[in-house]
Amino acid sequence: MGDLARGDFGDDFTWGVAHAAYQVEGAWDADGKGPSIWDTFTHGKGRIRDHSTGDVACDFYHRSAEDTALVRELGFDAQRFSISWPRVLPEGTGRVNAKGLDFYDRVVDECLEAGVEPWVTLYHWDLPEALHQRGGWANRDVVGWFGEYVDVVAERLGDRVQDWMVFNEPCSFLLVGYLAGVHAPGVRSLRKFLAATHHVNLCQSVGASALRARIPDANVGTTHIITPPRTKQDRPKDRKARAAIDAFANRIFIEPNLGLGYPTEAAGLLRGIEKHLKPGDDDALKVDWDFLGVQYYQRQLVKPAPIPGLHAIPWMSKDHRRYEITAMGWEVQPDGLYEALAKVHAYDPDLRLVVTENGAAFPDRLEGGRVHDERRTAFYRAHLAEVRRAQADGIPVDGYFCWSLMDNFEWAEGYVPRFGLTHIDFATQQRTVKDSGRWFQRFLAATATATDAD
Ligand code: FCB
């Protein structure tokens, strides 16, 4: 791995960092912003590990120019950020909040002035609370609301933003937010989860069309977290368990938009989704993506179990003997990234892929103005080697985005896990680039023939 070099990935490869509105912006009620489901969720009691909120977070709302300059300083080509729907449309539909839209206009200009490509995600989990009150993703009317929102954003930013992602990880906000109830809006209902899943899949298509209608040369994709299931053994019941979890956690969010329908045969529990389908939906779901964003953190261990319609229990294993474990309790398995890319590639060999998130939290310590996070650097090097292996095997991977530029609000885990290339002192908002950030800076500055040896 010592011989990994930037140039090996190709001249057109995009190197970026990613973050998301609720996790970094703060300014939760500034300048006319409406509340999102995450504001409500964090302001309620006992749902966040350290009882924190995203009210201030990294204060990106006021520091975006400084943070964008840092992206440039580290040598990245692109910054992936998301738009907060209730900042733009405080009630979710209808009245536009001009100051909210101005903020994103400014961030785009700051990127362009710094020579950084803006990569915009339209939805990274912060639904307007007003729409949740009207049923949120479980109400089919959301398809119209979402189309209206995307049109407003595309009209304003489309002259300068070319690269778009419609959603961030539907699997996460639907399974964790509507079925497990651990993320906002804290719903626990199989029926609502299935309805919401179908409506989000319809919104993928509506969002992509709204972008293309305004921006003819847009590069339109969406992102999926891919969590390859594994079992300890390979008996028929293990295979059945893997297939069921794969359908539940991966396939239902990807396949309908590729024209493949819902994989209900793999998990009977999914059959309830059929009652939400209306005539014409199969066609309405189809999207001709320019690229798909693959996000990878870990594999998951699956255990066969006599659960009707699921045949399995999924869990995030912590096998300390075989794997390094991150501060999230996740196993480090770099070859799972290759598996994730190969899995998506198998759907369509011509579809361009971008790793839109990959990264790790470790227990960092700021000492004497430095964070010696060699474990994070090793993590990135090992995962980048898997991206190269995928490319070498003919999988068209066009870019890689680190999660994340800076430590931020990690959802139900609050500020405890730190994922950044940059350390943040949340009391002072002081930014300190970690050793891993400096490693990237050297790696990205090196010429095509130089190596990453440090
Ligand atoms: C992903 C999310 C992102 C961040 C990372 C650690 O699933 O998209 O917002 O929380 O995990």
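Order of listing sets the numbers, starting from 1, for every ligand and every atom in it. What you see is a predicted model; the values in this text were computed from it and never measured.
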*Atom CZ in Arg106, atom OG in Ser64: separation rounded to 0.5 Å?*
6.0 Å
_atom 7 (O) of ligand 1 [closest protein heavy-atom partner, distance rounded to 0.1 Å]_ = Glu169 OE1, 2.6 Å
*Going by the salt bridge (Lys or Arg N to Asp or Glu O under 4.0 Å) test, name the single residue among Arg376, Lys434, Arg431 that passes it with Asp407.*
Lys434
*With a 4.0 Å cut-off on heavy atoms, does Met328 reach ligand 1?*
no
*Output yes when Arg156 and Asp102 qualify as a salt bridge under the 4.0 Å nitrogen-oxygen rule, no when they do not.*
yes
*asked:* Suppose we measure from atom 2 (C) of ligand 1 to each protein heavy atom; which comes out shortest, and what is that distance?
replied: Glu357 OE1, 3.3 Å
_At less than 4.0 angstrom from any non-hydrogen atom of Trp411, what atoms of ligand 1 do you find?_
3 (C), 4 (C), 9 (O), 10 (O)
_For the aromatic rings, using the six-membered ring if either is Trp, is the centroid distance between His224 and Phe167 under 6.0 Å?_
no
*Strictly under 6.0 Å, is that where the ring centroids of Tyr149 and Trp145 end up?*
no
*Per-atom contacts of ligand 1 with Gln23, taking only distances under 4.0 Å to non-hydrogen atoms*: 3 (C), 4 (C), 9 (O), 10 (O)
_Sub-3.5 Å N/O-N/O distance, Trp403 and ligand 1_ = no
*Check whether any N or O atom of Glu410, backbone or side chain, sits under 3.5 Å from an N or O atom of ligand 1, and answer yes or no.*
yes
*Could you tell me which atoms of ligand 1, counted from 1 in the order shown, lie closer than 4.0 angstrom to a heavy atom of Phe419?*
6 (C)
*asked:* Check this for me - ligand 1, Ser172, N or O atoms closer than 3.5 angstrom, yes or no?
replied: no
*asked:* With nothing but distance in play, are any N or O atoms of His124 less than 3.5 Å from an N or O of ligand 1?
replied: yes
*Heavy-atom nearest neighbour in the protein, as seen from atom 5 (C) of ligand 1, with distance rounded to 0.1 Å*: Tyr297 OH, 3.3 Å
*Which is it for Phe248 and Leu179 under the side-chain contact (heavy atoms from CB on, under 4.5 Å) test, yes or no, and what are the steps along the way?*
CA-CA 12 Å; Phe248 225 87; Leu179 191 61; 3.9 Å; yes
_Looking only at the aromatic ring of each residue, does the gap between the centers of Phe76 and Phe440 stay below 6.0 angstrom?_
yes
*So which protein heavy atom does atom 8 (O) of ligand 1 come closest to, and at what separation?*
Asn168 ND2, 2.9 Å
_Using ring centroids (six-membered ring only for Trp), state whether Phe401 and Trp119 fall under 6.0 Å._
yes
